[in-house]
There are 2 protein chains.
Amino acid sequence: MQFDGAQNGALPLMTRACAPQSCDQCGVRDRAICADLSETDRDALSRIGRRVTLHAGQTVMWEGDDSMVVANVIEGTLKLATSTGDGREQIVGVVYASDFIGRPFGARTPHSVTALTDARLCLFPRGRFDGFARDHGDLQHRLLQRTLDDLDRTRAWMLLLGRKTAREKVATFLLDMARRLQADPTGTIELPLSRQQIADILGTTIETVSRQMSDFKRRGIIALVGRRGVRLVDGAALEALAEGV
Amino acid sequence: MQFDGAQNGALPLMTRACAPQSCDQCGVRDRAICADLSETDRDALSRIGRRVTLHAGQTVMWEGDDSMVVANVIEGTLKLATSTGDGREQIVGVVYASDFIGRPFGARTPHSVTALTDARLCLFPRGRFDGFARDHGDLQHRLLQRTLDDLDRTRAWMLLLGRKTAREKVATFLLDMARRLQADPTGTIELPLSRQQIADILGTTIETVSRQMSDFKRRGIIALVGRRGVRLVDGAALEALAEGV
DNA sequence: CCCATGCATTGACCTCTGTCAAACCGCCGG
DNA sequence: CCGGCGGTTTGACAGAGGTCAATGCATGGG
């Protein structure tokens with residue numbers, strides 16, 4: 001079971017919307033789906049959306065809700081999750097700056113979206129975004145590319161969930177995070193996830209994650225610094241463990 | 001580990017290609033991604049592709065291969081699969097008539113595609129398909145819709161793989177098949193999958209699948225007829241088991 | 001600066017499911 | 001119609017990992 005800090009969702013988003021601002025200073029404008037748009041088109045799209053600030057723990061959309069909004073992630077990390085009726089949770093995706101979230105061209109949001117860190121979004125009403133996308137082949141193509149990539153990544157993750165051991169899962173996870181996150185000068189990465197959330201990604205329990213990490217540490221393969229910090233000492237060994245060797 | 005009947009792949013496909021034939025008699029032309037195309041456009045697309053027949057067990061594409069072809073499934077059932085280095089396999093999707101297979105707009109095929117039953121495809125060279133799709137917004141939109149749906153389904157399956165018990169997995173699987181497959185007059189469905197393949201979908205073993213099914217049968221919830229036949233006697237009970245009640 | 005709170009770690013135990021092995025039996029070919 | 005093959009079922013057993021519980025220890029508020 002998963003307790004998020006602030007479960008107050010959409011309403012505070014409204015109140016925290018910033019004044020419209022141009023895409024000029026947007027940190028992700030070359031990587032987000034709007035990257036290929038002409039200046040005019042991008043301005044038009046920008047006027048449909050609004051910038052929104054999120055605190056860690058806030059949920060933007062809930063599983064099963066009507067699909068009302070979609071967004072670009074400008075900054076921060078968020079999780080996508082589904083749960084069983086009795087509260088077991090599975091994280092089905094983690095999104096980073098420049099990623100796209102929400103369910104365009106569909107009535108329902110199939111999973112919840114919750115900020116793991118403080119985050120900023122460029123939020124669009126779904127209906128207006130859909131309309132805009134239909135008229136702009138470039139945008140739609142970019143969205144298709146991204147969705148195809150997501151699908152590939154998601155399917156690769158199914159292999160982990162269905163067939164890998166706890167040790168392989170944790171090793172794979174650490175390598176994945178190291179690839180995604182920027183290490184500090186000492187080579188340490190700061191995980192944007194708690195142990196519980198890591199367990200929810202890997203389809204295991206907090207205790208198993210902890211035991212595996214302690215084991216890696218004992219073997220000198222990683223170093224743990226504080227609660228969220230990890231330094232990969234022996235990457236090759238970790239790769240081997242991830243492959244089940 | 002998984003042994004497929006004929007592991008001879010692409011070559012026989014060539015030899016079995018039929019003479020080009022129009023889309024007029026195509027059984028999936030109202031449901032496949034080409035459904036929205038004008039008659040002229042559909043003919044143009046049709047001329048890019050060719051009809052191909054597949055026998056159960058034949059593999060059309062292998063994981064990691066260059067992405068050379070994409071296809072519509074005209075008839076039959078196929079599996080999409082990935083495996084670990086040491087041969088553990090996970091089925092990441094099952095596709096039916098009117099579904100689309102292959103990796104457009106990408107260099108690599110991220111999973112293998114293998115026929116579970118005899119099948120017929122409408123096969124396109126990827127490069128030419130990509131080009132055509134770029135010029136036809138309707139086709140691209142339809143492909144996007146389908147990919148978004150696939151992604152939703154795949155993420156829902158992650159919950160099963162990561163968080164459900166063996167009993168819940170098998171119950172969920174049977175309900176899923178009952179929804180997809182047409183039952184005969186006695187209410188029996190013919191599974192297009194062996195026990196091993198079911199295990200590869202559910203991330204478990206053949207023995208566990210078999211034990212769960214025997215248990216359901218003992219309880220009078222399902223009836224097993226022959227090797228592949230299943231009749232759902234008490235659907236409500238199965239729904240309950242699928243939810244972990 | 002220190003304490004309290006909540007996350008993380010560690011331990012003990014137990015169960016579910018995987019593994020190995022044998023028996024069973026549909027289904028196809030002769 | 002029969003026999004054998006290959007998929008399936010069943011059994012016995014072991015172990016990975018889940019559960020419950022206690023302890024440890026970062027981190028932030030007073």
Side-chain angles (χ1 to χ4, degrees), chain A residues 1-5 55-57 84 86-90 116-117 160-171 173-174 188 190-200 202-219 222-230 241 244, chain B residues 1-6 56-57 84 86-90 116 160-171 173 188 190-200 202-219 222-230 241 244:
Chain A
M1 201 40 156
Q2 171 81 30
F3 292 95
D4 297 319
H55 291 296
T84 59
D86 59 340
R88 285 168 283 172
E89 173 165 317
Q90 177 66 45
L116 295 171
T117 62
L160 175 140
L161 289 174
R163 291 299 182 201
K164 293 197 175 180
T165 64
R167 169 167 305 155
E168 292 165 350
K169 285 180 178 182
V170 175
F173 168 79
L174 289 173
T188 304
E190 182 84 359
L191 301 176
L193 300 149
S194 70
R195 293 288 185 272
Q196 179 61 62
Q197 287 161 346
I198 296 172
D200 288 342
L202 300 178
T204 182
T205 60
I206 183 172
E207 293 93 337
T208 297
V209 172
S210 184
R211 272 188 260 266
Q212 291 302 331
M213 288 188 132
S214 297
D215 186 49
F216 293 170
K217 177 181 160 190
R218 205 171 305 122
R219 301 207 224 173
I222 63 172
L224 298 176
V225 11
R227 262 177 207 186
R228 297 284 184 104
V230 185
L241 290 175
Chain B
M1 199 43 154
Q2 172 78 31
F3 293 95
D4 297 319
T84 59
D86 59 342
R88 284 168 284 173
E89 174 165 318
Q90 176 66 47
L116 295 171
L160 175 140
L161 289 174
R163 290 298 182 203
K164 293 198 177 182
T165 64
R167 168 166 307 155
E168 292 166 350
K169 285 180 178 180
V170 175
F173 168 79
T188 304
E190 184 84 359
L191 301 175
L193 301 148
S194 71
R195 293 289 186 270
Q196 179 62 62
Q197 287 161 346
I198 297 173
D200 289 342
L202 299 179
T204 182
T205 60
I206 183 172
E207 293 93 335
T208 296
V209 172
S210 185
R211 272 189 260 267
Q212 291 301 332
M213 288 187 130
S214 297
D215 186 48
F216 294 170
K217 177 181 159 189
R218 207 170 306 121
R219 300 208 224 172
I222 63 172
L224 298 175
V225 10
R227 264 177 203 186
R228 297 283 182 105
V230 186
L241 289 174

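Because only heavy atoms are used, hydrogens play no part in the values below, and waters and symmetry mates are left out as well, while side chains stay in. To find a chain, count down the sequence lines: A is the first, B the second, and so on, and within it residues start at 1.
For the pair B:Lys217 NZ and D:dT8 P, the interatomic distance rounds to 14 Å; values are reported in whole Å. Between A:Asp200 atom CG and C:dA8 atom P there is a gap of 12 Å when expressed in whole angstrom units. Residue A:Ile206 contributes atom CD1, which lies 14 Å from atom P of C:dG6 at whole-angstrom precision. Taking atom CG on A:Leu202 and atom P on D:dA16, their separation rounds to 18 Å, with Å as the unit. Rounded to a whole Å, the CZ atom of A:Arg228 is 10 Å from the P atom of C:dC7. Atom P of nucleotide D:dT8 and atom CD1 of B:Ile198 are separated by 8 Å, given to the nearest angstrom. Across the protein-nucleic acid pair, B:Met213 atom CE and D:dG7 atom P stand 17 Å apart, rounded to whole Å. Atom CG in B:Leu224 sits about 18 Å away from atom P in D:dG7, given to the nearest Å.
Nearest heavy-atom pair across B:Leu161 and B:Lys169 is O-NZ, 3.9 Å. Heavy atoms only, all atoms of each residue included: B:Asp200 and B:Glu89 are closest at OD1-O, 3.6 Å. When all heavy atoms of A:Leu193 and A:Leu116 are compared, the closest pair comes out as CD2-CD1, 3.3 Å.
Within 3.5 Å, a donor on the side chain of A:Arg227 pairs with an acceptor on the base of D:dA26, or the reverse. For D:dG7, the base has no donor-acceptor partner in the side chain of B:Arg195 [N/O atoms by modelled type, under 3.5 angstrom].
Atom CD of A:Gln196 is separated from atom CD of A:Glu207 by 8.5 Å, given to the nearest 0.5 angstrom. Taken to the nearest 0.5 Å, the CD atom of B:Gln212 stands 13.5 Å off from the CZ atom of B:Phe173. In this structure, CZ on A:Phe216 lies 10.5 Å from CG on A:Leu224, to the nearest 0.5 angstrom.
Under the 4.0 Å criterion applied to side-chain N and carboxylate O atoms, B:Asp215 and B:Arg211 are not assigned as salt-bridge partners.
Contacts of A:Ser210 with the nucleic acid, taken as non-hydrogen atoms under 4.0 Å apart, include base atoms.
Side-chain atoms of A:Thr208 never come within 3.5 Å of backbone atoms of A:Thr204 as a donor-acceptor pair (strictly under, hydrogens ignored). In terms of modelled atom types and a separation under 3.5 Å, the side chain of B:Arg88 and the main chain of A:Arg163 share a donor-acceptor contact.
In the helix from C:dC1-D:dG30 to C:dG30-D:dC1, the end axes, each obtained as the rotation axis mapping the C1' atoms of four pairs onto the next four within a five-pair block, lie 40° apart to the nearest 10 degrees.
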Checklist entry - How does protein reach along nucleotides 13-19 of chain C, written 5' to 3' as B (base within reach of a heavy atom under 4.0 Å), S (only sugar-phosphate), or - (no contact)? => result ----SSB
